[in-house]
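Worksheet: the structure to be examined is printed underneath.
Everything quoted here is computed from the prediction, not taken from an experiment. Basis for what follows: all heavy atoms, side chains included, without hydrogens, waters or symmetry-related copies.
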Amino acid sequence: MSAGWRITLASLDRLPQGALSRALGWLADRPVPPSLRPLVLGTFVRLTGIRMEEAARPMESFGSVNELFVRRLAEGSRSWPSDPRILASPVDGVIGLCGRIREGTLVQAKGIEYSADALLGEPGAGRRFEGGLFITIYLSPRHYHRIHAPLPGRVVRAHHLPGRLMPVNQAAVHSVDRLFATNERLVAEMETAVGRTVVVAVGATNVGRISAAFDPEWADGEGRSVTNRRSPVVPVRDYPGGVPVETGAEIMAFHLGSTVVLLTEPGLEPSPQLLPGHEIRMGTPLARPSNDPNNRKVE
């Protein structure tokens, strides 16, 4: 890691990350007059590399930078597996490290590990995922930032876990200890045809807001963020009977880029697309049922 990044990360760790992220969010929410949208939004699109040809609406129709950032995709721009037992990517992004959960441990980067219990915020919560898969997907600012259900099923539990808002780029992942288990995060647990599947949305610097489409009332209204609020929300939500979601249904959204970590129970075999650094699109198959969950490792 460069000296510049070391200084940046050390400085950020000492700054009021939540307040800074809220300030940037406020700025991103400011209405942009129609006459200035080609300049302001066009500059944002060029700097981030957003592919507006995939958006459901033209750039000039968005009223703010944040509205553009959480844009929806045009209908039919992504496809999903028809088999309800195939785990598909819930986001567009870049694959990070992934593999089998062994002795309750996940790998963040070479030489840096963290526990499933710490990620989920409860002692013993990771026990049921022993031998299952963990899959890390990084979303850069250019990516689509809504998070969709990787399988059909029911959201049965959700947690808001407060924490830091450190960057989650490559420099931070390779240097900040237990980054994904100490940053603020929103956790959605699903019951599916292949067992419990967990989608963890990890916040980051300038990603102080994560909203929950499966429970808009959690944050007092549709579109309101559950994370990085001045007034805290109820930290754990249980859903008796579960909230039904179809494959590809929107479940959460990042307001600026971050990372998703998936956890599965044993019984799935990873697909060839699970290669660190490999860019994937939402709906890409990540794993499918296997008779022997240990018959293949993801290195």
Side-chain angles (χ1 to χ4, degrees), residues 70 72 78 80-93 101 116-117 119-122 124-129 132-137 139 144-162 180 184-203 207 209-229 232-255 258-268 282-283 285-287 289:
V70 294
R72 287 183 165 83
R78 298 291 184 273
W80 294 85
S82 58
D83 188 337
R85 302 169 302 158
I86 293 178
L87 180 79
S89 177
V91 292
D92 288 359
I101 301 169
D117 285 2
L119 179 69
L120 300 176
E122 291 183 295
R127 190 175 300 119
R128 70 186 302 162
F129 303 104
L133 296 174
F134 72 91
I135 301 169
T136 309
I137 308 173
L139 290 75
Y144 170 69
H145 274 78
R146 293 183 183 269
I147 305 169
H148 295 250
L151 292 160
R154 295 172 291 114
V155 178
V156 294
R157 202 158 193 256
H159 319 240
H160 166 237
L161 298 165
F180 302 139
E184 186 170 30
R185 50 211 184 278
L186 191 60
V187 180
E189 299 187 28
M190 295 178 57
E191 285 293 348
T192 74
V194 293
R196 185 68 61 99
T197 300
V198 180
V199 183
V200 183
V202 182
V207 193
R209 295 184 296 173
I210 306 171
S211 53
F214 60 84
D215 186 357
E217 298 306 316
W218 192 359
D220 305 319
E222 187 174 358
R224 295 285 302 278
S225 65
V226 176
T227 67
N228 194 19
R229 297 164 55 97
V233 297
V234 176
V236 180
R237 302 275 278 188
D238 288 297
Y239 306 100
V243 179
V245 290
E246 296 298 323
T247 303
E250 182 186 335
I251 55 173
M252 292 184 278
F254 285 123
H255 299 260
S258 195
T259 289
V260 166
V261 181
L262 297 174
L263 302 183
T264 75
E265 290 191 275
L268 292 178
M282 183 175 69
L286 299 179

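- At distances below 3.5 Å, at least one donor-acceptor pair connects side-chain atoms of Arg154 with backbone N or O atoms of Gly241.
- A 4.5 Å side-chain heavy-atom check between Thr259 and Phe180 finds at least one atom pair inside the cut-off.
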Run the side chain to side chain contact (heavy atoms under 4.5 Å, CB included) test on Leu262 and Val198 for me, step by step, so that the C-alpha distance in whole Å, both residues' side-chain angles and the decisive distance to 0.1 Å come before the verdict.
CA-CA 6 Å; Leu262 297 174; Val198 180; over 6 Å; no

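- In the displayed structure, Glu122 atom CD is contacted under 6.0 Å by more than 12 heavy atoms of other residues, nucleotides or ligands.
- Between Leu286 atom CG and Leu133 atom CG the span is 9.5 Å, to the nearest 0.5 Å.
- Looking at heavy atoms from C-beta onward, Thr264 lies out of side-chain contact with Val194 at the 4.5 angstrom threshold.
- Rounding to the nearest 0.5 angstrom, the gap separating the CZ atom in Arg128 from the CD1 atom in Ile101 is 12.0 Å.
- Ala287 and Leu268 get closest at one heavy-atom pair: CB-CB, 4.0 Å.
- Atom CD1 in Ile210 sits 7.5 Å away from atom CE in Met252 (nearest 0.5 Å).
- To the nearest 0.5 angstrom, Leu186 atom CG is 9.5 Å from His159 atom NE2.
- In this structure, the side chain of Thr192 does not engage the main chain of Leu151 through any donor-acceptor pair within 3.5 Å.
- You'll find the side chain of Trp80 stays beyond 4.5 Å of the side chain of Glu246, heavy atoms only.
- A salt bridge links Arg146 with Glu250: the distance from a Lys NZ or Arg NE/NH1/NH2 to an Asp or Glu carboxylate oxygen falls below 4.0 Å.
- The shortest distance between side-chain heavy atoms of Ile251 and Val245 falls below 4.5 Å.
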For the pair Val260 and Val199, evaluate side chain to side chain contact (heavy atoms under 4.5 Å, CB included) and give the outcome as yes or no after the intermediate values.
CA-CA 7 Å; Val260 166; Val199 183; 4.0 Å; yes

Under the side chain to side chain contact (heavy atoms under 4.5 Å, CB included) criterion, do Val91 and Met282 qualify, and how do the steps go?
CA-CA 4 Å; Val91 292; Met282 183 175 69; 5.6 Å; no

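- With a 4.5 Å cut-off on side-chain heavy atoms, Arg196 and Glu191 count as touching.
- The distance from the OG1 atom of Thr197 to the CE atom of Met190 is 6.5 Å, given to the nearest 0.5 Å.
- Annotation: side chain of Pro90 is in contact with side chain of Ile137 (closest heavy-atom distance under 4.5 Å).
- Here the closest heavy-atom approach between residue Asp215 and residue Tyr239 is recorded as OD2-OH, 2.7 Å.
- The OG atom of Ser89 sits 8.5 Å away from atom CD1 of Ile135, with the distance rounded to the nearest 0.5 Å.
- For Asp117, there are no side chain to side chain donor-acceptor pair (under 3.5 Å) partners, not counting sequence neighbours.
- By the 6.0 Å contact criterion, CZ on Arg78 is enclosed, its count of non-hydrogen atoms from other residues, nucleotides or ligands being greater than 12.
- What you find for Pro81 and Pro285 is that their closest heavy atoms are CG-CG, 4.1 Å.
- The heavy-atom pair separating Pro235 from Trp218 by the smallest distance is O-CZ2, 3.9 Å.
- Scanning both residues, Ser211 and His255, for their nearest heavy atoms gives OG-NE2, 3.3 Å.
- Across all their heavy atoms, Val156 and Gly242 have their closest contact at CG1-CA, 4.2 Å.
- With contacts defined as side-chain heavy-atom distances shorter than 4.5 Å, the pair Leu263/Leu119 qualifies.
- Aromatic ring orientation, Phe254 versus His145: perpendicular (interplanar angle above 60°, classes split at 30° and 60°).
- Residues Val187 and Leu120 are in side-chain contact: their nearest non-hydrogen atoms beyond the backbone lie under 4.5 Å apart.
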